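Every value quoted in this text rests on a predicted model; they were computed, and no experiment measured them. In each ligand, atom 1 is the first atom listed, and ligand 1 is the first ligand listed.
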Amino acid sequence: MNLDAKNKIIIAGAGLSGLATASVLPQNSFMLFESEAEPGGLCRSIRHEGYTFDYTGHLLHLKGEMLEWVEKLMPNNLIVQKRRAYVFSHGRMIDYPFQLHFGQLPNGVRDECLCGFEEIQDSKIDITNFATWSKTTFGKGITKYFMRPYNEKLFRTKLEELSADAVQYIPRPNLEEVRQGALGKRMTHVGYNAEFRYPAEGGIGVLPQALSREIKIITSAKIEKIIADEKKISVGKEWFSYSSLVSTIPLPELIKSIADAPSEISSAASSLEAVGVLCLNLGIEGKTSSAHWIYFPEQEFPFYRVGFYHNIAPYSAPPGKSSLYVEISYKKRTDLPKEIVEQAIEKLVSAGIIKDEKKVEVRQKLWIDNAYAIHNSIRKQALDTILPFLKSKDIIPIGRFGRWTYTSMGEALLEGREIGIKLSNSIST
Ligand SMILES: Cc1cc2nc3c(=O)[nH]c(=O)nc-3n(C[C@H](O)[C@H](O)[C@H](O)COP(=O)(O)OP(=O)(O)OC[C@H]3O[C@@H](n4cnc5c(N)ncnc54)[C@H](O)[C@@H]3O)c2cc1C
């Protein structure tokens, strides 16, 4: 057994969170292991037949210090875009967000949404679950035509089973705004993602590449086993000791790899749920929509969202061509029919997004098995059990999958850096 110095910090995973942690630690104070051949995690990009694809659209919503940091990392390589997003409903492409633009739908639907919103004006917001939150925040109509079908399609879970603890990103207009929207006023620049940034060249992968420049990463090195009581990990046949282990490994996998995890911790971890996303990247001859992305709440479409890389950054597709990401969620890969790609393309044609399926010249499937943690009551109980255990063993779970939550790239960078600074201070004192 090859045990190294006991005071090393070990970082598991070179996605944005792990890289951000490493970026503020003294070079010789940590070892960063990444199971894949290259760093970046979900923020890698793939070049394929002249196209640059991501693991679905990865758009930067950064503010303050994080924005300054990313601008410094990628000088002159960030473009700013004003969102062009739509919702496809009742055969129409209406402006996003739905709650401000349902006036663009048939009159019956518009009236149901507006009356529903007016009815709840005096009610108290009920956060028992996502369904009660939606009904008391937006009313019955908006819940029926957008909030329920869209979120149930994305999370593959009944709205009543989802908790209302991750709804802060949903724009909540007031009555006056909703009435104006119902009369046809366009109010497209609301919400946290009204504007976004994206690399002018190279796909989102240039961000982890820039972060990795000065960091020593041990790639193709999967952490397989952890002995928490002895504070050591195994990679292949080697063992390494740590003072603190910063983990971005998906939480259920982390717990599985802890050989001496008590049974109540293992059983709490096995109750955590997620949905995966099949990212279907398409290269298409000719031009398609001018949108950045479109939401599809209705059941007849197997995807919940379709985005357009070539509108996000023009170099993403060769001249005269388009590139799309089609997002399809699943609980298990086998839940999706074998013909899912053909079905999705057929529906893109029926919605008028693609003129003819013969124009699709590139099809690439990327499976993201843990894409969205399911926020439900089980998750809360499980985290209340697991997190104190990890803390007692100096294991610090961070990042979207490490903490089993929804966080953005900006939050991953911020969280990773804050943990790194804390650890760095504890080394120097
Ligand atoms: C479909 C989708 C769309 C998204 N769109 C956006 C967006 O538009 N804007 C935005 O800001 N955010 C977006 N996000 C969120 C963003 O992707 C994440 O917040 C961010 O990438 C998380 O980084 P991370 O380092 O925490 O995790 P990851 O990127 O998953 O990195 C974890 C790393 O750990 C490695 N690893 C795992 N197990 C081991 C092991 N045992 N040993 C060693 N290494 C291991 C993995 O290979 C990986 O490289 C999106 C997420 C999804 C799923």
K.L.:
Test of understanding: with side-chain hydrogen bond (donor to acceptor under 3.5 Å, both in side chains), list the residues that count as partners of K135, not counting sequence neighbours.
P.N.:
none

K.L.:
For atom 19 (O) of ligand 1, what's the nearest protein heavy atom and its distance?
P.N.:
T407 O, 2.7 Å

K.L.:
What about S17: any of its N or O atoms under 3.5 Å from an N or O on ligand 1?
P.N.:
yes

K.L.:
Do Y325 and F308 have their ring centres less than 6.0 Å from each other?
P.N.:
no

K.L.:
Tell me, which protein residue and heavy-atom name are nearest atom 47 (O) of ligand 1, and how many Å apart are they?
P.N.:
E34 OE2, 2.6 Å

K.L.:
Mark yes or no for whether Y309, through its side chain, and D54, through its backbone, hold a donor-acceptor pair below 3.5 Å.
P.N.:
yes

K.L.:
If you count the atoms of ligand 1 from 1 in the order shown, which ones are under 4.0 Å from a heavy atom of F33?
P.N.:
43 (C), 44 (N)

K.L.:
Aromatic ring centroids of Y86 and Y295 under 6.0 Å?
P.N.:
no

K.L.:
Out of K225, H61, R400, whose heavy atom sits nearest atom 18 (C) of ligand 1?
P.N.:
R400

K.L.:
How about F33 and F240: are their ring centroids closer than 6.0 Å?
P.N.:
yes

K.L.:
For atom 14 (N) of ligand 1, what is the closest protein heavy atom, and at what distance to 0.1 Å?
P.N.:
H58 NE2, 3.5 Å

K.L.:
Of all the atoms in ligand 1, which lie at a distance below 4.0 Å from a heavy atom belonging to I249?
P.N.:
38 (N), 39 (C), 40 (C), 41 (N)

K.L.:
In terms of the angle between their ring planes, are F102 and F98 parallel, tilted or perpendicular, with boundaries placed at 30° and 60°?
P.N.:
tilted

K.L.:
Any idea which protein heavy atom is nearest atom 1 (C) of ligand 1, and the distance to it?
P.N.:
T56 OG1, 3.4 Å

K.L.:
Which option wins on minimum heavy-atom distance to atom 37 (C) of ligand 1: A12, A412, S35, G416?
P.N.:
S35

K.L.:
Are F130 and H375 close enough that their ring centers fall under 6.0 Å?
P.N.:
no

K.L.:
Which bit of E224 is near ligand 1, meaning a heavy atom under 4.0 Å away: side chain, backbone, both or neither?
P.N.:
neither

K.L.:
Name the closest protein heavy atom to atom 28 (P) of ligand 1, giving the residue it belongs to and the distance to 0.1 Å.
P.N.:
L42 N, 4.0 Å

K.L.:
Does only the side chain of C279 get under 4.0 Å from ligand 1, or the backbone, or both, or neither? Count heavy atoms.
P.N.:
neither

